[in-house]
Amino acid sequence: MIRVAAVGDIHMGPDSEGLLRPAFDTLPDCADLLLLAGDLTRHGTPEEARVVAREVRDLPVPVVAVLGNHDHHDEQPEKVTAVLRDAGVTVLEGEATVVECAGGRLGIAGTKGFGGGFVGRSAGEFGEPVMKEFVRTTRRSADSLHAALKELGEKGCTARVALTHFSPVADTLAGEPPEIHPFLGSYLLAEAIDTAGADLAVHGHAHLGSEHGMTAGGVRVRNVAQPVIRRAFNVYQLGAD
Ligand SMILES: [Fe+2]
Ligand SMILES: [Fe+2]
């Protein structure tokens, strides 16, 4: 069995320094690794990223992250990524990584994702260039997620997780105003997950949403935004023997 701890939307800043570390220090007792589902900072500044870095530096379990939209706000996502990597975090954007756990090999495919909405009510690649670019941004992200999950499938992992910031399904947005669903996720991410295969999909971003959902293909989806799970992290079990 592999135990996956996950949280998103920790939105750290100078005044939250040290808040999560005591809980993170208990991770080895209950989890094999920690996934961070984006929105780790408030405005994506290097200063805020350094607060996150100090929170997770030298944790006794591997930490794998994707960035969120807030981590892009200061338009220095490369810098935020570099600060986190310097603290030992594996930051994924359209890539895959494998973590060797006592219960097997866990593959993680990660991308921030983007919006567009869900089947029947989604944006299309039509009209103004900026509209086409909006949808193409999501499509590129979904394509990279698909490729990363497929790569992990070929590597023969015990279990695979799709880690995103934006949601692949509408289920886990329950509680959010329907008017903003197109800005919270895209069905293209779920299509990628279902066609490439995964055992769990973890996302954040929807602070008012719900924890539990499922893709059309039957992959369980968990919204781990901290305001939703109301704790430092949740733990999910995969590949039970
Ligand atoms: Fe957030
Ligand atoms: Fe977000």
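Any value given below was found using the heavy atoms of this structure, including those in side chains, with hydrogens, waters and symmetry copies removed. Remember, it's 1-based here, ligands and their atoms both numbered in the order they're listed. All values reported here derive from a predicted model rather than from experimental measurement.
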Task: SB check Glu128 Lys132 (cutoff 4.0 Å) - done: no

- [ ] Kindly state whether the ring of Phe114 and the ring of Phe134 have centres lying under 6.0 angstrom apart.
- [x] yes

Open item on the list: Check this for me, if you would: do Glu125 and Arg136 make a salt bridge, where the nitrogen-to-carboxylate-oxygen distance has to be below 4.0 angstrom?
Closed with: yes

Task: the Fe ion (ligand 2): protein N, O or S atoms that are less than 2.8 Å away, sorted by chain - done: Asp39 OD2, Asn69 OD1, His165 NE2, His205 ND1

- [ ] Could you tell me whether Glu17 and Arg50 make a salt bridge, using a distance below 4.0 angstrom between a side-chain N and a carboxylate O?
- [x] no

Open item on the list: Quick check against the 3.5 Å criterion: does Asn223 have a side-chain atom that pairs as donor or acceptor with the backbone of Ala225?
Closed with: yes

Task: Residues Asp25, Arg21: salt bridge by 4.0 Å N-O rule - done: yes

